[in-house]
Amino acid sequence: AQKVTQAQTEISVVEKEDVTLDCVYETRDTTYYLFWYKQPPSGELVFLIRRNSFDEQNEISGRYSWNFQKSTSSFNFTITASQVVDSAVYFCALSSYNTDKLIFGTGTRLQVFP
Amino acid sequence: GAVVSQHPSWVICKSGTSVKIECRSLDFQATTMFWYRQFPKQSLMLMATSNEGSKATYEQGVEKDKFLINHASLTLSTLTVTSAHPEDSSFYICSAPTSGVAREQFFGPGTRLTVL
């Protein structure tokens, strides 16, 4: 069975702090995709990244970076120099390679205070 | 980029009535669409896979007679919540993947259903 665990339910930081959101996944598939989505209060999901299981290279996009460690089945997300606009719920998700069905984690609510 | 729309964005109805939610892919065709449900402060749970031209595939525990799905065309899937009850109040989100090698999945903005 596939499962995504986001152990941090809620995180509060002060602006400009760095913050890391953890994601641990379980799957028996050898090939799969991992995702991060942002859900602001409006509810609309904002796509942040997709990573396939063959690519363990870490990725950086502006203030965002992702650390994929296949050995520990983790796909952590770091926001550097957080801003108030980063306040949202962040979801990690998993899909098999041959399906578009997404298994979501429970989400981490990030609050960034000025 | 590709856009998926949902209509209505919110709806309030009385218990016992049926509510239809539309999901449209605006600039691409989608043979498959997905319907997710999100209760307040909870995660998104996949309800069903909508298949153009054939029956929907429901996830375990989802009542197919209560949540009717119709994928009438390559750009439209509808979810009808029949005989809605307060416990059906939720945020319903659809998604649609594009086709081809560079496959991406796009989410609709969601529909907030409140059943009184």
Side-chain angles (χ1 to χ4, degrees), chain A residues 1-12 21-27 31-55 61 87-111, chain B residues 1-6 8-11 21 23 25 28 30-52 56-60 62 77 89-114:
Chain A
Q2 296 183 315
K3 186 179 177 182
V4 177
T5 301
Q6 293 180 255
Q8 304 149 308
T9 307
E10 206 162 321
I11 300 176
S12 295
L21 282 60
D22 298 334
C23 173
V24 174
Y25 63 93
E26 295 175 32
T27 181
T31 53
Y32 49 90
Y33 286 112
L34 294 164
F35 303 79
W36 275 96
Y37 287 89
K38 174 182 180 180
Q39 188 177 44
S42 64
E44 188 160 356
L45 284 175
V46 177
F47 169 80
L48 296 178
I49 190 171
R50 180 180 73 175
R51 169 68 67 214
N52 77 51
S53 53
F54 292 131
D55 184 1
S61 176
S87 297
V89 180
Y90 291 85
F91 289 99
C92 180
L94 166 72
S95 77
S96 296
Y97 194 74
N98 59 352
T99 177
D100 295 302
K101 289 200 267 189
L102 292 177
I103 306 298
F104 284 86
T106 49
T108 297
R109 183 175 300 275
L110 173 65
Q111 292 194 74
Chain B
V3 176
V4 173
S5 70
Q6 277 185 245
S9 54
W10 60 269
V11 56
I21 302 170
C23 176
S25 55
F28 67 100
T31 55
T32 302
M33 293 184 177
F34 299 93
W35 287 97
Y36 295 83
R37 178 169 54 183
Q38 185 181 28
F39 291 111
K41 297 194 175 183
Q42 294 190 26
S43 186
L44 286 83
M45 299 298 293
L46 179 66
M47 298 175 66
T49 303
S50 175
N51 303 300
E52 190 269 336
T57 307
Y58 291 83
E59 296 300 304
Q60 197 169 15
V62 177
S77 173
S89 298
S90 187
F91 192 54
Y92 293 87
I93 305 175
C94 70
S95 72
T98 58
S99 59
V101 176
R103 201 172 172 86
E104 293 187 58
Q105 180 146 201
F106 295 90
F107 282 84
T111 297
R112 193 164 300 281
L113 170 64
T114 303

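Each chain gets a letter, A, B and so on, in the order its sequence line appears, and its residues count up from 1.
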Minimum-distance pair of heavy atoms, taken over all atoms of A:F91 and B:Q42
CZ-O, 3.9 Å
Non-hydrogen atoms of chain A under 4.5 Å away: do they reach the side chain of B:E59, the backbone, both or neither?
side chain
Can you say whether A:Q39 sits under 4.5 Å from chain B via the side chain, the backbone, both, or neither, judging by heavy atoms?
side chain
Chain B heavy atoms under 4.5 Å from A:F35: which part of the residue, side chain, backbone, both or neither?
neither
Please flag which part of B:L44 lies under 4.5 Å from any non-hydrogen atom of chain A: side chain, backbone, both or neither.
both
Between B:F107 and A:F47, is the gap from one ring center to the other below 6.0 Å?
no
Heavy-atom closest contact (A:G43 atom, B:F91 atom, distance):
O-CE2, 3.4 Å
Correct closest heavy-atom pair for A:E44 and B:G108 would be CG-O, 4.5 Å
Least distance between heavy atoms, B:Y36 atom then A:L102 atom:
OH-N, 3.0 Å
Please say whether more than 12 non-hydrogen atoms of neighbouring residues, nucleotides or ligands are located less than 6.0 Å from CZ in B:F39.
yes
Heavy-atom closest pair (A:K101 atom, B:F34 atom, distance to 0.1 Å) is CG-CE2, 3.3 Å
Stepwise side-chain contact (heavy atoms from CB on, under 4.5 Å) test for A:R109 and B:K41:
CA-CA 9 Å; A:R109 183 175 300 275; B:K41 297 194 175 183; 3.8 Å; yes
Sidechain-backbone polar pair: A:T106 side chain, B:S43 backbone, donor-acceptor under 3.5 Å
no
